[in-house]
Amino acid sequence: MQHPLKIAVLISGNGSNLQAIIDYQQQHPDVYQIGLVISNKADAFGLQRAQKAGIPTRVINHQDYPDRVSFDRAMQHEIDAQGVQLVVLAGFMRILSAEFTEHYLGRMLNIHPSLLPKYPGLNTHQQAIDNGDAEHGLSVHFVTAELDGGPLILQARVTISPEDDAASLQHKVHQQEHLAYPLVVRWFAEDKLQLKNGQTWFEGQPLNKPLQLEERST
Ligand code: GAR
């Protein structure tokens, strides 16, 4: 693995996970380097975060393309032109084509605000509250063609208290996301993490269940 690992981060909005990944890079410049940030929305606040950190940005607006495949090909062209080794989806809210997910199979991560396989898709925090769940959380996984369905790597849990609403729960989950995501990118950079035959491998062993953030700090 080339060091530091060159990554691209794809966003659609606020970019607080991108910020966590930037902050980690600034503290550990030898682990990974963000070579490119792509947003499908020109007004995504995450673009300003990247520019402030001196990271190259591109806006590729999905509305400028006739279909999903041509939009994805435009992103692929930019990503591959930069020699990127890992694609990191951080609040990127577009469904990806099978062609794109196949091209980056084993080289693309996503973070999702639920304990997958519970609650793929949107409004995860409200769904957890409405179902009376005692806990909620996040999942980091390899991306496959199945939406929020690829092999799990790491989860972190938060307790749902009676006072929680969707906003407070989202805040709790975000705090854990900001710890979890840079750590997983680091593991990939350190060659500890692979996707083999549809299964996540960590430190040379297949994972039967996702790692738990609470049990790991490095
Ligand atoms: C994060 O909570 C992330 O888990 C979620 O979008 C949010 C983006 O926040 N992603 C998904 O829902 C993907 N299915 P951010 O822009 O502040 O990083």
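Atoms within each ligand, like the ligands themselves, are counted from 1 in listed order.
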Counting from 1 in the order shown, the ligand 1 atoms closer than 4.0 Å to a non-hydrogen atom of Glu177 are 1 (C), 2 (O), 3 (C), 4 (O)

Taking only non-hydrogen atoms of His112 and a 4.0 Å limit, the atoms of ligand 1 in range are 4 (O), 12 (O), 13 (C), 14 (N)

Side chain to side chain contact (heavy atoms under 4.5 Å, CB included) filter on Leu195, not counting sequence neighbours, yields Leu105, Phe142, Pro151

Among non-hydrogen protein atoms, atom 9 (O) of ligand 1 lies closest to His174 NE2, 3.2 Å

Polar side chain donor-acceptor pair, Gln126 to Asp130, under 3.5 angstrom
yes

Paired with Asn14, the side-chain hydrogen bond (donor to acceptor under 3.5 Å, both in side chains) test is passed by just one of His174, Gln19, Arg49, namely Arg49

When distances are taken from atom 5 (C) of ligand 1, the protein heavy atom at minimum range is Pro113 CD, 3.7 Å

- [ ] Assess whether side chain to side chain donor-acceptor pair (under 3.5 Å) is satisfied between Asp72 and His103, documenting all intermediate values.
- [x] CA-CA 11 Å; Asp72 286 0; His103 181 73; over 6 Å; no

Connected via hydrophobic side-chain network under 4.5 Å: Leu36 and Ile55: no

Logged contact type for Met93 with ligand 1, heavy-atom cut-off 4.0 Å, is side chain

Min over Ile111, Asn14, Leu147 of heavy-atom distance to atom 10 (N) of ligand 1 lands on Ile111

Note: heavy atom closest to atom 18 (O) of ligand 1, options Ile95, Asn17, Val9, Leu18, belongs to Asn17

| query | Between His112 and His141, is the gap from one ring center to the other below 6.0 Å? | reply | no

Practice prompt. Indicate yes or no: at least one non-hydrogen side-chain atom of Leu89 is less than 4.5 angstrom from one of Met108.
Written response: yes

The closest protein heavy-atom partner of atom 15 (P) of ligand 1 is Ser16 N, 3.4 Å

* Heavy-atom distance under 4.5 Å between the side chains of Pro182 and Tyr32, does that happen here? -> yes

Compute the shortest N/O to N/O distance between Gly15 and ligand 1 and return yes if it is under 3.5 Å, no if not.
yes

Within the 4.0 Å heavy-atom cut-off, what Ile11 brings close to ligand 1 is neither

When distances are taken from atom 6 (O) of ligand 1, the protein heavy atom at minimum range is Gly91 CA, 3.7 Å

